[in-house]
Chemist: 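The structure follows.
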Amino acid sequence: MNQFTSVNDVEDIDQLVKDALALKENPYAHQHLGKNKTLGLVFLNPSLRTRLSTQKAAINLGMSVMVMNMDKEGWALETEDGIVMNGTTVEHIREAAAVMGQYCDILGLRSFPKLTNRDEDYNEDFFNKFIKYCGVPVVSLESATRHPLQSLADLVTIRETWKGEVKPKVVLAWAPHVKALPQAVPNSFSEWMCKAQDLDMLDFTIVQPEGYELSEDFTPGANIMYNLEEALKGADYIYVKNWSSFKEYGKVLTYPEGWMMNNEKLKDTNNAKVMHCLPVRRDLELSSEILDGPNSLVIHEAGNRLWAAQAVLKDLLQGLA
Ligand code: CP
């Protein structure tokens, strides 16, 4: 790998999952790889899990880490080319990214979508320019359209916990929220699950109210459903997540009652484990009874963010050696 921005950057996802689980067993075996190497983490948006797990992963590999909260501490960045910078932006991404690349061997970047212009967000203009100008390998810490470190951790969690004889049924289930949220997590989860389905690792279903369909670019081969009760029948894993509409871009559409996940909805599942990327709005997206009960995998899943990040950084460091 020379960058990690989507599942398409990964040659062998099964091997990457195995690497993550091996690192969980033996976290400090590769410290020589990160000696005298620096990871820079650039955040344009808040983070708890991504920030701490990626820092810890780098430390486990012997790296030094620098964090830049660009939104609060950095200069206001310009991304347009060919304009006179006589407005509020202070530094062009051409210089800013290039300078960060001078100080770091690998850079991580988080940049959320604005959710106002679909083409602008889905073109990943900011992310692509950052990659182009920084000159070092880039790890996505969540872009406008994808969150691959989260999705890798999710697949690691499913592989680690599944003890069944046949492949598991995994359901991505839309849930309510008060805010318009990006499609990055569900896009990415779907993309990784579709790839895993192609490899016969699992069966994948997405269930959502009408109007909340994800871009077809991220759902090849997924079983798309609209009836939550039907979709959950026989499920082994339920991945609960809200997202705003892709079709009516960035909008929170009206939806029927009954989309919050609770214990009642688990009754026709195969005693399904419930996942969520976190942060979660209790008793809006997911009931407290699930979060505090035996079916919840959310803390285990967040713990696996560390091993997912470490597997990715290890692979990138091996490419630098
Ligand atoms: N799941 C996730 O990415 O969490 P943070 O936004 O806190 O990093």
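Atoms within a ligand are numbered from 1 in the order they appear, just like the ligands themselves.
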Chemist: L39 and C104: which non-hydrogen atoms are nearest, and at how many Å?
Modeler: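 Distance-wise, the nearest heavy atoms are C-SG, 4.4 Å.
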Chemist: Report the residues that fulfil ring-ring contact (aromatic ring centres under 6.0 Å, His included) with F246, sequence neighbours left out, ordered by chain and then residue number.
Modeler: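 Result, ring-ring contact (aromatic ring centres under 6.0 Å, His included) vs F246: Y122.
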Chemist: What are the atoms of ligand 1, with element, lying closer than 4.0 Å to any heavy atom of Q150?
Modeler: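 In order of numbering, the contacting atoms are 1 (N), 2 (C).
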Chemist: Within the 4.0 Å heavy-atom shell around T50, which atoms of ligand 1 are there?
Modeler: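 So the answer, numbered in order with elements, is 2 (C), 3 (O), 5 (P), 8 (O).
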Chemist: Can you confirm whether E73 is buried at CD, in the sense that more than 12 heavy atoms of other residues, nucleotides or ligands lie under 6.0 Å from that atom?
Modeler: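 More than 12 heavy atoms, drawn from other residues, nucleotides or ligands, come within 6.0 Å of this atom.
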Chemist: Between R110, R305, H276, R49, flag the one that comes closest to atom 6 (O) of ligand 1 by a heavy atom.
Modeler: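 Checking each option, the heavy atom nearest atom 6 (O) of ligand 1 is found in R110.
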Chemist: Could you tell me the separation between the CD1 atom of I93 and the CD atom of E80, rounded to the nearest 0.5 Å?
Modeler: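 Reported value, rounded in 0.5 Å steps: 11.0 Å.
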Chemist: Checking contacts here: is it the side chain or the backbone of L278 that comes within 4.0 Å of ligand 1, counting heavy atoms only? Could be both or neither.
Modeler: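 The answer is the backbone of L278.
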Chemist: What's the shortest distance from atom 3 (O) of ligand 1 to any protein heavy atom, and which residue and atom give it?
Modeler: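 So the nearest neighbour among protein heavy atoms is H147 NE2, 2.7 Å.
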Chemist: Against heavy atoms of C277, which atoms of ligand 1 measure under 4.0 Å?
Modeler: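 The atoms of ligand 1 under 4.0 Å from a heavy atom of C277 are 1 (N).
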Chemist: Write down the atom of M201, the atom of D14, and the distance for their closest heavy-atom approach.
Modeler: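 The pair with the smallest heavy-atom distance is CE-OD1, 4.1 Å.
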Chemist: Run L21 and V156 through side-chain contact (heavy atoms from CB on, under 4.5 Å) and show every step you take.
Modeler: CA-CA 7 Å; L21 291 170; V156 167; 3.7 Å; yes
Chemist: Starting from atom 7 (O) of ligand 1, what is the nearest protein heavy atom, named by residue and atom, and what distance separates them?
Modeler: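 Residue, atom and distance for the closest contact: L48 N, 2.7 Å.
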